[in-house]
Amino acid sequence: MKLLRLLTGVRDDLDLQSHWWHRLLKVCSLLFVVVLGGGAILILQSDRPQLDINDVEIVANLRDFTKKASPDIVNTIPSFLALPGELGGVKKDGHVDLVSEWFLSNESFCSADLSKQAAAYAEKLNAREYDRTKHFTAEKIVEIVNSERRKLKPGEEIRYCGISEVVGFASDAIVKYKPKLPIVARRWTGIAWRTMLLLLVSSLVAMNLYFRGFVYVLCGPRNVPTDVANP
């Protein structure tokens, strides 16, 4: 009890429960803790750790997913984004980085047969906000695709995707992944202890302001028992 009094300034010499303002502030402090804790968790969990390829389980990469899809599917990107897991891009050094879902979804196109979906591909290219200088037609897309196929060397595969330069990754490096269990556990353990530390420090500061400031002003200094004051 003495340690608690030293750290927080708690006033055990007063019947604070009999005051309506004390009861109200207790409820407000509880709400404050809930809001602060929830906000801290939201902020901390949005800070994604740097992951390595060995830290994650790859669910699928966009190129292989598109290659295996039906040529009748106009654009495989929406189906790829619907897969479980997080969206990322694998760098050459093995690190997994963020990928803009908006640019991938709105300004990129993938199909198992780009020639068959040339009209939709041309429409997607013409709709790009940052590039209004070129106009594509279905015929032009088919011409480009056929030209690329003629240039293929033995062992090379045809192209399945047109990825916006803003995305920053080729289709075979764009993945859906799940962090492995030890990584998830370590991340949430870190979030938990940092949130608890924040709540502890905030609570100590708030209690000192309350008991040593607010209560002191309203109720005066601590009442020292007579036998303690005059031994």
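Hydrophobic cluster of Val142: no remaining members, since no ILVMFWY side chain lies below 4.5 Å from it. Other cluster members for Leu30: none, since no ILVMFWY side-chain heavy atom sits under 4.5 Å from it.
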Please output the side-chain donor-acceptor pairs of residues 16-28 that fall under 3.5 Å, not counting sequence neighbours, one pair per line with the distance.
| from | atom 1 | to | atom 2 | distance (Å) |
| --- | --- | --- | --- | --- |
| Ser18 | OG | Asp15 | O | 2.6 |
| His22 | ND1 | Tyr210 | OH | 2.6 |
| Arg23 | NH1 | Gln17 | O | 2.7 |

What side-chain donor-acceptor pairs closer than 3.5 Å can you find for residues 34-43, not counting sequence neighbours?
none

Please set out all donor-acceptor pairs under 3.5 angstrom arising from side-chain atoms of residues 183-194, sequence neighbours excluded.
| from | atom 1 | to | atom 2 | distance (Å) |
| --- | --- | --- | --- | --- |
| Arg187 | NH2 | Gln45 | O | 2.1 |
| Thr189 | OG1 | Ala185 | O | 2.7 |
| Arg194 | NE | Gly190 | O | 3.2 |

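Scanning for side-chain contact (heavy atoms from CB on, under 4.5 Å) contacts around Met207 gives Thr8, Phe211, with sequence neighbours left out. With sequence neighbours left out, the side-chain hydrogen bond (donor to acceptor under 3.5 Å, both in side chains) criterion links Asp97 to Lys91. Here Ala119 pairs with Ala138 under the side-chain contact (heavy atoms from CB on, under 4.5 Å) rule; sequence neighbours left out.
Residues Glu107 and Lys124 form no side-chain contact, since every pair of their non-hydrogen atoms from C-beta on lies 4.5 Å or further apart. In this structure, Val56 and Lys180 have side chains that are not in contact, with every pair of non-hydrogen atoms separated by 4.5 Å or more. Between Val96 and Tyr177 there is a side-chain heavy-atom pair separated by less than 4.5 Å.
Across every non-hydrogen atom of Asp52 and Asp93, the tightest pair is OD1-O, 4.4 Å. Minimum interatomic distance between Ile158 and Ala112 (heavy atoms only, all atoms of both residues): CD1-O, 4.4 Å. Contact detail for Ile163 and Ser171: the closest heavy-atom pair is CG1-N, 4.2 Å. For the pair Ala69 and Ile73, the tightest heavy-atom approach, listed with the atom from each and the gap, is CB-CD1, 4.1 Å. Scanning all heavy atoms of the two residues, the minimum distance from Gln117 to Pro71 falls at NE2-O, 2.9 Å. Scanning both residues, Val59 and Pro84, for their nearest heavy atoms gives CG2-O, 3.8 Å.
At least one donor-acceptor pair under 3.5 Å links the side chain of Lys176 to the backbone N or O of Leu83.
Under the 4.5 Å side-chain heavy-atom criterion for grouping Ile, Leu, Val, Met, Phe, Trp and Tyr, Ile144 is connected to Leu125 within one hydrophobic cluster. In the hydrophobic clustering of ILVMFWY residues, with side-chain heavy atoms under 4.5 Å counting as a link, Trp102 and Val99 come out together. Residue Ile58 is not grouped with residue Leu87 when hydrophobic side chains (ILVMFWY) are merged at heavy-atom distances under 4.5 angstrom, including chains of intermediate members. A chain of hydrophobic side-chain contacts below 4.5 Å, direct or via other Ile, Leu, Val, Met, Phe, Trp or Tyr residues, connects Phe169 to Phe103. Side-chain heavy atoms closer than 4.5 Å link hydrophobic residues (I, L, V, M, F, W, Y) into clusters, and following such links, even through other members, never connects Met196 to Val33.
Within the structure, salt bridge (charged side-chain N to carboxylate O under 4.0 Å, His left out) pairs that include any residue of residues 142-154 comprise Asp113-Arg149, Glu148-Arg159 (at least two apart or interchain). Screening residues 70-80 for side chain to side chain donor-acceptor pair (under 3.5 Å), with sequence neighbours left out, gives Thr66-Thr76, Asp72-Lys116. Residue pairs that meet the salt bridge (charged side-chain N to carboxylate O under 4.0 Å, His left out) test with at least one member in residues 55-67, sequence neighbours left out, are Arg63-Glu157, Lys67-Glu157. The ring pair (Phe, Tyr, Trp, His ring centres under 6.0 Å) contacts involving residues 29-86 comprise Phe65-Phe80, where partners must be two or more places apart or lie in separate chains.
Under a cut-off of 6.0 angstrom, the local environment of CD in Glu123 is sparse, with at most 12 non-hydrogen atoms contributed by other residues, nucleotides or ligands.
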Begin with the C-alpha distance, continue with both residues' side-chain angles, and end with the deciding distance and a verdict on side chain to side chain contact (heavy atoms under 4.5 Å, CB included) for Ile174 and Asn61.
CA-CA 6 Å; Ile174 297 173; Asn61 77 59; over 6 Å; no
Run the side chain to side chain contact (heavy atoms under 4.5 Å, CB included) check on His95 and Gln50 step by step: do they pass?
CA-CA 7 Å; His95 287 134; Gln50 179 67 62; 3.4 Å; yes
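Distance check: Leu200 CG to Leu204 CG gives 4.5 Å after rounding to the nearest 0.5 Å. One distance of note links SG of Cys161 with CD1 of Ile77; it measures 6.0 Å at 0.5 Å rounding. Between the OH atom of Tyr216 and the SG atom of Cys219 there is a distance of 11.5 Å, given to the nearest 0.5 Å. Taken to the nearest 0.5 Å, the CD1 atom of Ile141 stands 9.5 Å off from the OG atom of Ser115.
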